[in-house]
Protein chains: 2
Amino acid sequence: MSEPSPVETMNIALEQMIPRAHQMGVTFVEMRPGYVRAELPFEGNGNHFGTVYAGVIFTLAEVLGGAMHFASFDASTHYPLIRGMQIRYLKPGRGALSASATLDAETIARVAAEAGSDGKAAFDLIAEVTDEAGVLVATTVGDYQIRPYGQ
Amino acid sequence: MSEPSPVETMNIALEQMIPRAHQMGVTFVEMRPGYVRAELPFEGNGNHFGTVYAGVIFTLAEVLGGAMHFASFDASTHYPLIRGMQIRYLKPGRGALSASATLDAETIARVAAEAGSDGKAAFDLIAEVTDEAGVLVATTVGDYQIRPYGQ
(Lines give C-alpha, C1' and ligand atoms only; values in the text may rest on other atoms or scores of the structure.)
Protein backbone atom coordinates (compact mmCIF):
# COMPACT_ATOMS: atom_id res chain seq x y z
CA MET A 1 0.00 0.00 0.00
CA SER A 2 1.17 3.50 -0.82
CA GLU A 3 1.09 6.39 1.61
CA PRO A 4 -2.20 8.28 1.57
CA SER A 5 -2.02 11.53 -0.41
CA PRO A 6 -2.45 14.86 1.39
CA VAL A 7 -6.02 15.01 0.04
CA GLU A 8 -6.84 11.52 1.37
CA THR A 9 -5.28 12.41 4.73
CA MET A 10 -7.30 15.64 4.95
CA ASN A 11 -10.56 13.83 4.16
CA ILE A 12 -9.89 11.27 6.87
CA ALA A 13 -8.93 14.08 9.27
CA LEU A 14 -12.05 16.13 8.47
CA GLU A 15 -14.34 13.35 9.68
CA GLN A 16 -12.56 13.39 13.05
CA MET A 17 -11.88 17.13 13.25
CA ILE A 18 -15.12 18.67 12.02
CA PRO A 19 -17.85 16.01 12.04
CA ARG A 20 -20.53 18.50 10.94
CA ALA A 21 -18.58 19.41 7.79
CA HIS A 22 -17.99 15.73 7.04
CA GLN A 23 -21.72 15.06 7.53
CA MET A 24 -22.49 17.67 4.86
CA GLY A 25 -20.35 15.68 2.44
CA VAL A 26 -17.56 18.25 2.16
CA THR A 27 -14.68 16.48 0.40
CA PHE A 28 -11.25 17.82 -0.45
CA VAL A 29 -10.32 17.07 -4.06
CA GLU A 30 -7.12 19.07 -4.68
CA MET A 31 -4.39 20.22 -2.32
CA ARG A 32 -0.97 21.57 -3.10
CA PRO A 33 1.05 24.46 -1.68
CA GLY A 34 -0.96 27.60 -2.47
CA TYR A 35 -4.04 25.84 -3.87
CA VAL A 36 -6.91 23.89 -2.34
CA ARG A 37 -10.29 22.78 -3.64
CA ALA A 38 -13.24 21.03 -1.99
CA GLU A 39 -16.57 19.74 -3.27
CA LEU A 40 -20.05 19.37 -1.80
CA PRO A 41 -23.05 17.30 -2.91
CA PHE A 42 -26.50 18.91 -3.05
CA GLU A 43 -28.16 15.98 -1.29
CA GLY A 44 -29.13 16.88 2.27
CA ASN A 45 -27.78 20.42 2.02
CA GLY A 46 -30.77 22.17 0.48
CA ASN A 47 -33.26 24.58 1.96
CA HIS A 48 -36.89 25.40 1.22
CA PHE A 49 -35.82 27.40 -1.85
CA GLY A 50 -34.28 24.26 -3.38
CA THR A 51 -30.82 25.80 -3.09
CA VAL A 52 -27.83 24.96 -0.90
CA TYR A 53 -28.28 26.50 2.55
CA ALA A 54 -26.12 29.59 3.31
CA GLY A 55 -24.44 28.00 6.34
CA VAL A 56 -23.39 24.98 4.28
CA ILE A 57 -21.86 27.21 1.58
CA PHE A 58 -20.01 29.06 4.35
CA THR A 59 -18.66 25.75 5.69
CA LEU A 60 -17.52 24.56 2.25
CA ALA A 61 -15.47 27.76 1.88
CA GLU A 62 -14.30 27.91 5.51
CA VAL A 63 -12.65 24.48 5.61
CA LEU A 64 -10.31 25.61 2.83
CA GLY A 65 -8.41 27.67 5.42
CA GLY A 66 -7.40 24.58 7.37
CA ALA A 67 -6.59 22.69 4.18
CA MET A 68 -4.45 25.60 2.94
CA HIS A 69 -2.57 25.52 6.23
CA PHE A 70 -1.78 21.82 5.85
CA ALA A 71 -0.90 22.28 2.16
CA SER A 72 1.32 25.34 2.56
CA PHE A 73 2.68 25.67 6.11
CA ASP A 74 4.37 23.53 8.75
CA ALA A 75 1.62 21.49 10.40
CA SER A 76 4.19 19.92 12.72
CA THR A 77 4.67 23.23 14.55
CA HIS A 78 1.52 25.28 13.86
CA TYR A 79 -2.27 24.92 13.72
CA PRO A 80 -4.75 27.17 11.88
CA LEU A 81 -7.49 29.28 13.44
CA ILE A 82 -10.25 31.37 11.85
CA ARG A 83 -10.75 34.86 13.28
CA GLY A 84 -13.44 36.10 10.93
CA MET A 85 -15.01 35.76 7.53
CA GLN A 86 -16.90 37.88 5.04
CA ILE A 87 -19.20 35.97 2.70
CA ARG A 88 -21.14 37.35 -0.26
CA TYR A 89 -23.91 35.26 -1.84
CA LEU A 90 -24.07 36.07 -5.54
CA LYS A 91 -26.27 33.39 -7.11
CA PRO A 92 -28.35 30.54 -5.65
CA GLY A 93 -26.39 27.27 -5.45
CA ARG A 94 -28.70 24.79 -7.18
CA GLY A 95 -26.64 21.61 -7.30
CA ALA A 96 -23.28 20.21 -6.27
CA LEU A 97 -20.82 22.98 -5.47
CA SER A 98 -17.05 23.41 -5.56
CA ALA A 99 -14.91 25.87 -3.61
CA SER A 100 -11.30 26.80 -4.28
CA ALA A 101 -8.74 29.17 -2.84
CA THR A 102 -5.30 30.31 -3.88
CA LEU A 103 -2.48 31.76 -1.79
CA ASP A 104 0.38 33.34 -3.73
CA ALA A 105 4.01 32.39 -3.13
CA GLU A 106 4.87 35.80 -1.65
CA THR A 107 2.14 35.50 0.99
CA ILE A 108 3.17 31.94 1.84
CA ALA A 109 6.79 33.07 2.26
CA ARG A 110 5.75 36.09 4.37
CA VAL A 111 3.51 34.01 6.68
CA ALA A 112 6.13 31.27 7.07
CA ALA A 113 8.81 33.85 7.90
CA GLU A 114 6.58 35.72 10.36
CA ALA A 115 5.49 32.51 12.09
CA GLY A 116 8.97 30.99 12.30
CA SER A 117 9.02 27.98 14.58
CA ASP A 118 7.16 29.49 17.52
CA GLY A 119 5.33 32.65 16.43
CA LYS A 120 1.91 33.60 15.05
CA ALA A 121 1.12 34.92 11.59
CA ALA A 122 -2.09 35.90 9.80
CA PHE A 123 -3.30 35.70 6.23
CA ASP A 124 -6.45 36.53 4.31
CA LEU A 125 -7.79 33.72 2.17
CA ILE A 126 -10.12 34.52 -0.71
CA ALA A 127 -12.30 31.61 -1.80
CA GLU A 128 -14.72 31.20 -4.67
CA VAL A 129 -17.71 28.87 -4.62
CA THR A 130 -19.03 27.78 -8.00
CA ASP A 131 -21.76 25.48 -9.29
CA GLU A 132 -21.37 22.66 -11.80
CA ALA A 133 -21.70 25.10 -14.71
CA GLY A 134 -18.89 27.25 -13.29
CA VAL A 135 -21.26 30.03 -12.19
CA LEU A 136 -19.91 31.98 -9.20
CA VAL A 137 -22.28 31.31 -6.28
CA ALA A 138 -20.41 32.98 -3.42
CA THR A 139 -17.11 34.59 -2.52
CA THR A 140 -15.45 34.67 0.88
CA VAL A 141 -12.57 36.48 2.51
CA GLY A 142 -11.38 34.55 5.54
CA ASP A 143 -9.14 36.02 8.23
CA TYR A 144 -6.95 33.10 9.36
CA GLN A 145 -4.06 32.88 11.76
CA ILE A 146 -1.51 30.13 12.22
CA ARG A 147 -0.31 29.57 15.77
CA PRO A 148 2.35 27.39 17.36
CA TYR A 149 0.87 24.43 19.26
CA GLY A 150 0.14 25.30 22.88
CA GLN A 151 -0.59 28.96 22.21
CA MET B 1 -55.16 22.39 22.01
CA SER B 2 -53.95 25.95 21.69
CA GLU B 3 -52.40 27.41 18.57
CA PRO B 4 -48.65 26.84 18.36
CA SER B 5 -46.66 29.94 19.34
CA PRO B 6 -44.48 31.70 16.73
CA VAL B 7 -41.44 30.04 18.33
CA GLU B 8 -43.00 26.55 18.10
CA THR B 9 -44.02 27.22 14.51
CA MET B 10 -40.49 28.37 13.58
CA ASN B 11 -38.92 25.29 15.15
CA ILE B 12 -41.25 23.00 13.21
CA ALA B 13 -40.56 25.01 10.05
CA LEU B 14 -36.77 24.92 10.54
CA GLU B 15 -36.72 21.14 10.38
CA GLN B 16 -38.43 21.29 6.98
CA MET B 17 -36.77 24.44 5.69
CA ILE B 18 -33.14 24.01 6.74
CA PRO B 19 -32.57 20.36 7.71
CA ARG B 20 -28.83 20.93 8.33
CA ALA B 21 -29.53 23.66 10.92
CA HIS B 22 -32.15 21.46 12.59
CA GLN B 23 -29.63 18.59 12.66
CA MET B 24 -27.20 20.83 14.57
CA GLY B 25 -29.87 21.29 17.22
CA VAL B 26 -30.52 24.98 16.50
CA THR B 27 -33.70 25.85 18.40
CA PHE B 28 -35.55 29.17 18.51
CA VAL B 29 -36.40 30.14 22.08
CA GLU B 30 -37.69 33.74 21.81
CA MET B 31 -39.39 35.58 18.98
CA ARG B 32 -41.23 38.85 19.00
CA PRO B 33 -41.24 41.84 16.65
CA GLY B 34 -37.69 43.23 16.74
CA TYR B 35 -36.17 40.45 18.86
CA VAL B 36 -35.18 36.83 18.21
CA ARG B 37 -33.04 34.34 20.07
CA ALA B 38 -31.90 30.79 19.29
CA GLU B 39 -29.90 28.20 21.18
CA LEU B 40 -27.50 25.42 20.22
CA PRO B 41 -26.24 22.38 22.14
CA PHE B 42 -22.52 21.57 22.15
CA GLU B 43 -23.13 17.87 21.43
CA GLY B 44 -22.16 16.97 17.88
CA ASN B 45 -21.08 20.51 17.01
CA GLY B 46 -17.50 20.48 18.29
CA ASN B 47 -14.22 20.37 16.44
CA HIS B 48 -10.78 19.02 17.25
CA PHE B 49 -10.14 22.02 19.53
CA GLY B 50 -13.11 21.01 21.72
CA THR B 51 -14.95 24.16 20.69
CA VAL B 52 -18.04 24.71 18.55
CA TYR B 53 -17.08 24.63 14.85
CA ALA B 54 -17.03 28.03 13.07
CA GLY B 55 -19.61 27.00 10.46
CA VAL B 56 -22.05 25.94 13.17
CA ILE B 57 -21.68 29.29 14.98
CA PHE B 58 -22.30 31.01 11.63
CA THR B 59 -25.48 28.97 11.14
CA LEU B 60 -26.78 29.70 14.66
CA ALA B 61 -26.47 33.45 13.94
CA GLU B 62 -27.63 33.24 10.32
CA VAL B 63 -31.01 31.63 11.01
CA LEU B 64 -31.94 34.65 13.12
CA GLY B 65 -32.46 36.61 9.89
CA GLY B 66 -35.29 34.36 8.79
CA ALA B 67 -36.77 34.31 12.30
CA MET B 68 -36.60 38.12 12.45
CA HIS B 69 -38.48 38.27 9.16
CA PHE B 70 -41.28 36.06 10.46
CA ALA B 71 -41.35 37.97 13.78
CA SER B 72 -41.32 41.48 12.33
CA PHE B 73 -42.55 41.55 8.73
CA ASP B 74 -45.42 40.22 6.63
CA ALA B 75 -44.62 36.59 5.90
CA SER B 76 -47.83 36.29 3.86
CA THR B 77 -46.42 38.56 1.15
CA HIS B 78 -42.60 38.42 1.55
CA TYR B 79 -39.79 35.92 2.14
CA PRO B 80 -36.28 36.63 3.50
CA LEU B 81 -33.00 36.14 1.69
CA ILE B 82 -29.40 36.51 2.89
CA ARG B 83 -27.04 38.43 0.60
CA GLY B 84 -23.93 38.39 2.75
CA MET B 85 -22.58 38.15 6.26
CA GLN B 86 -19.55 39.29 8.22
CA ILE B 87 -18.65 37.14 11.20
CA ARG B 88 -15.99 37.84 13.84
CA TYR B 89 -14.91 35.06 16.19
CA LEU B 90 -13.93 36.60 19.53
CA LYS B 91 -13.65 33.69 21.97
CA PRO B 92 -13.84 29.91 21.58
CA GLY B 93 -17.39 28.57 22.12
CA ARG B 94 -16.86 25.80 24.68
CA GLY B 95 -20.39 24.69 25.49
CA ALA B 96 -23.99 25.37 24.57
CA LEU B 97 -24.38 28.70 22.78
CA SER B 98 -27.10 31.29 22.39
CA ALA B 99 -27.52 33.88 19.64
CA SER B 100 -29.77 36.92 19.67
CA ALA B 101 -30.53 39.84 17.41
CA THR B 102 -32.48 43.05 17.75
CA LEU B 103 -34.06 45.24 15.08
CA ASP B 104 -35.20 48.69 16.21
CA ALA B 105 -38.72 49.97 15.55
CA GLU B 106 -37.50 52.64 13.11
CA THR B 107 -35.75 50.04 10.93
CA ILE B 108 -38.78 47.74 11.01
CA ALA B 109 -41.03 50.64 9.95
CA ARG B 110 -38.59 51.70 7.20
CA VAL B 111 -38.27 48.16 5.78
CA ALA B 112 -42.03 47.57 5.91
CA ALA B 113 -42.71 50.88 4.15
CA GLU B 114 -40.04 50.25 1.49
CA ALA B 115 -41.25 46.71 0.83
CA GLY B 116 -44.96 47.60 0.72
CA SER B 117 -47.03 44.73 -0.62
CA ASP B 118 -44.91 43.94 -3.69
CA GLY B 119 -41.45 45.52 -3.33
CA LYS B 120 -38.03 44.56 -1.96
CA ALA B 121 -36.28 46.05 1.05
CA ALA B 122 -32.98 45.35 2.81
CA PHE B 123 -31.80 45.48 6.39
CA ASP B 124 -28.62 44.75 8.29
CA LEU B 125 -29.03 42.43 11.25
CA ILE B 126 -26.42 42.45 14.01
CA ALA B 127 -26.34 39.26 16.07
CA GLU B 128 -24.37 38.29 19.15
CA VAL B 129 -23.41 34.73 20.03
CA THR B 130 -22.68 34.08 23.71
CA ASP B 131 -21.77 31.07 25.82
CA GLU B 132 -23.54 29.89 28.97
CA ALA B 133 -21.53 32.33 31.11
CA GLY B 134 -22.62 35.21 28.88
CA VAL B 135 -19.17 35.60 27.29
CA LEU B 136 -19.35 37.03 23.77
CA VAL B 137 -18.14 34.30 21.38
CA ALA B 138 -18.91 35.87 18.01
CA THR B 139 -20.65 38.80 16.38
CA THR B 140 -22.24 38.92 12.95
CA VAL B 141 -23.60 41.54 10.62
CA GLY B 142 -25.99 39.97 8.15
CA ASP B 143 -27.15 41.66 4.96
CA TYR B 144 -30.74 40.47 4.47
CA GLN B 145 -33.41 41.36 1.97
CA ILE B 146 -37.13 40.70 2.03
CA ARG B 147 -38.75 40.00 -1.31
CA PRO B 148 -42.32 39.51 -2.47
CA TYR B 149 -43.09 35.87 -3.33
CA GLY B 150 -42.36 35.09 -6.97
CA GLN B 151 -39.50 37.58 -7.26
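Hydrogens, waters and symmetry mates play no part in the numbers below; they use all other heavy atoms, side chains included. Convention: sequence-line order gives letters A, B, ...; per-chain numbering from 1.
Applying the side chain to side chain contact (heavy atoms under 4.5 Å, CB included) rule to B:Ala67 yields the partners B:Met10, B:Phe28, B:Met31, B:Val36; only residues at least two apart in sequence or on another chain are considered.
Judged as a ring-ring contact (aromatic ring centres under 6.0 Å, His included), not a single pair has a partner in residues 101-121 of chain A (not counting sequence neighbours).
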Geometric donor-acceptor pairs, no angle filter, chain B-chain A, under 3.5 Å:
residue: B:Met17; atom: O; partner: A:His48; partner atom: N; Å: 3.0
residue: B:Met17; atom: O; partner: A:His48; partner atom: ND1; Å: 3.4
residue: B:Arg20; atom: NE; partner: A:Gly44; partner atom: O; Å: 3.2
residue: B:Arg20; atom: NE; partner: A:Asn45; partner atom: OD1; Å: 2.6
residue: B:Arg20; atom: NH2; partner: A:Gln23; partner atom: O; Å: 3.3
residue: B:Arg20; atom: NH2; partner: A:Asn45; partner atom: OD1; Å: 3.3
residue: B:Gln23; atom: O; partner: A:Arg20; partner atom: NH2; Å: 3.3
residue: B:Gly44; atom: O; partner: A:Arg20; partner atom: NE; Å: 3.2
residue: B:Asn45; atom: OD1; partner: A:Arg20; partner atom: NE; Å: 2.6
residue: B:Asn45; atom: OD1; partner: A:Arg20; partner atom: NH2; Å: 3.4
residue: B:His48; atom: N; partner: A:Met17; partner atom: O; Å: 3.0
residue: B:His48; atom: ND1; partner: A:Met17; partner atom: O; Å: 3.4
residue: B:Tyr53; atom: OH; partner: A:Glu62; partner atom: OE1; Å: 2.6
residue: B:Glu62; atom: OE1; partner: A:Tyr53; partner atom: OH; Å: 2.6
residue: B:Arg83; atom: O; partner: A:Tyr89; partner atom: N; Å: 2.9
residue: B:Met85; atom: N; partner: A:Ile87; partner atom: O; Å: 2.9
residue: B:Met85; atom: O; partner: A:Ile87; partner atom: N; Å: 2.8
residue: B:Ile87; atom: N; partner: A:Met85; partner atom: O; Å: 2.8
residue: B:Ile87; atom: O; partner: A:Met85; partner atom: N; Å: 2.9
residue: B:Arg88; atom: NH1; partner: A:Asp143; partner atom: OD2; Å: 3.4
residue: B:Arg88; atom: NH2; partner: A:Asp143; partner atom: OD2; Å: 3.0
residue: B:Tyr89; atom: N; partner: A:Arg83; partner atom: O; Å: 2.9
residue: B:Asp143; atom: OD2; partner: A:Arg88; partner atom: NH1; Å: 3.4
residue: B:Asp143; atom: OD2; partner: A:Arg88; partner atom: NH2; Å: 3.0

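B:Leu90 belongs to a hydrophobic cluster whose other members, connected by ILVMFWY side-chain contacts under 4.5 Å either directly or through intermediates, are B:Leu136.
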Residues A:Val26, A:Leu14; criterion side chain to side chain contact (heavy atoms under 4.5 Å, CB included); working and verdict: CA-CA 9 Å; A:Val26 171; A:Leu14 187 68; 4.0 Å; yes
Chi angles and distances behind the side chain to side chain contact (heavy atoms under 4.5 Å, CB included) call for B:Leu60, B:Phe58: CA-CA 6 Å; B:Leu60 175 64; B:Phe58 176 95; over 6 Å; no
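Ranked by heavy-atom pairs shorter than 4.5 Å toward chain A, the options B:Gly44, B:Pro19, B:Ala54, B:Ala21 are led by B:Gly44.
More than 12 heavy-atom neighbours from other residues, nucleotides or ligands sit within 6.0 angstrom of CD1 on B:Ile108.
Proximity of B:Leu97 to B:Ile57: side-chain heavy atoms (C-beta onward) are separated by under 4.5 Å at one or more points.
For chain A, no part of B:Val141 is nearby; none of its heavy atoms comes within less than 4.5 Å.
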